[in-house]
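Both ligands and their constituent atoms are indexed starting at 1 by order of listing.
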Amino acid sequence: MKRIGVLTGGGDCPGLNAVLRAIVKTAHDSGLEVIGFKDGFRGVVMNEYIPLTPKEVVGILVKGGTILGSSNRDNPYHFCLEQKGETIYADLSDQAVANMERLGLDCLIVIGGDGTLACAYDFMKKGVKIIGVPKTIDNDLNGTDLTFGFMTAIDTATDALEKLHTTAESHHRVMVLEVMGRNAGWIALQAGIAGGADVVLIPEIPFTLERVAKKIFERKKRGRNFSIIIAAEGAKPEGGQQVVKRIVEGSPEPIRLGGIGEKIAQGLEENTGFESRVIVLGHLQRGGKPSAFDRILASRYGVAAVRMASQGLFGMMASLQGTEITTVPIEVAIKELKTVPPDGEMVQTAHSIGISFGAEHRS
Ligand code: F6P
């Protein structure tokens, strides 16, 4: 083992730089060279990379984003090219493999969520030795208790909820905070608990506006003239659909959700007469410096990834199980999404402390 490649793929999140720093420091100590590909798999296809030495990672532990750049739309198997003013899509995966071979890489560490790791898995089938590191604010990756970036996103959403409480109370309003998470409600659920939300709406538990309104009226009867709702972008009404904001052609996961918050706020204003406002937290959840928790988790994952490479544990992903860092096959991580169990302990806890999910038995 002499030279390893690394890339950060998919939507960025706080802690990517902390992982890179840990990888480079650990590799350097073991006499390994590190090559960092730019902008996720795009850099592998285009052969764009930078050598990463301890000098490149000085001072990046606390920085958000990724010094390598990332992309959640460049799929080597369906790569977007401009030719003679026309957009075409081509399978450039063999070109990517050839680039890695030319660089003499012994393995590639892929820091990504389910889309990026699914792509990495396809490269495994072409003989590339892959090590996975679980990343995403959504925390929807199977095979690990936590992805890094998630806890920082929770802190950001919780802070937003706290701020919305004071203005909601002053104006006797309903505030709807729309958060990210794709098809999983982890951010909405956990920030909802931490930030004292009255209603949590998640994709795993379809809601009705009537039940949400019921909760708002119950609060009013108790003299609480305002309510705070946190809605996952993937939340949907019973018998209804998720709200799609846009389709990103060529992306491994082309659907971008968004807009449910506005629909909920409008519907509630009509149903309850309460003045309502919507706040879409958006990419604020992905920006900024990682929390102390995420710096630690990201560093542990980075060190583990290099150790896994040295031990020849290819095709595996570093994973947090309980309090221990261990490994799981990448195949397991991408097999299915890790969504919120609707009858799980976390939902029951939220319900027991008075949170409504806008659904029967949980309103
Ligand atoms: O997967 C991370 C994530 O932030 C999702 O929560 C969100 O749906 C999506 O990425 C947004 O993607 P984009 O940055 O392309 O708008």
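- Among all non-hydrogen protein atoms, the one lying nearest atom 1 (O) of ligand 1 is D138 OD2, 2.7 Å.
- Between F150 and F293, the distance from one ring center to the other does not fall under 6.0 angstrom.
- Interface of G181 with ligand 1, defined as ligand atoms under 4.0 Å from a residue heavy atom, comprises 6 (O).
- Counting heavy atoms only, E233 comes closest to atom 8 (O) of ligand 1 of the residues R246, R256, E233, K245.
- Taking 4.0 Å as the cut-off, E253 does not count as a neighbour of ligand 1 on heavy-atom distance.
- Electrostatic pairing of D343 and R362 counts as a salt bridge here, judged by a charged N lying under 4.0 Å from a carboxylate O.
- Heavy-atom separations between N72 and ligand 1 include at least one value shorter than 4.0 Å.
- Closest to atom 4 (O) of ligand 1, if we only count protein heavy atoms, is R286 NH1, 2.8 Å.
- No donor-acceptor distance shorter than 3.5 angstrom exists from the side chain of T147 to the backbone of I137, with no hydrogens or angles considered.
- Of all protein heavy atoms, the one closest to atom 9 (C) of ligand 1 is R182 NH2, 3.8 Å.
- Ion pairing of D29 with K25 is absent here, as no side-chain N (NZ or NE/NH1/NH2) approaches a carboxylate O to less than 4.0 Å.
- Remark: R219 is positioned above the aromatic ring of F226, its terminal NZ or CZ atom under 6.0 angstrom from the ring centre and at most 45 degrees off the axis.
- A heavy-atom distance below 4.5 Å is not found between the side chains of C13 and T152.
- Atom numbering of ligand 1 starts at 1 in the shown order; those under 4.0 Å from a heavy atom of H283 are 13 (P), 14 (O), 16 (O).
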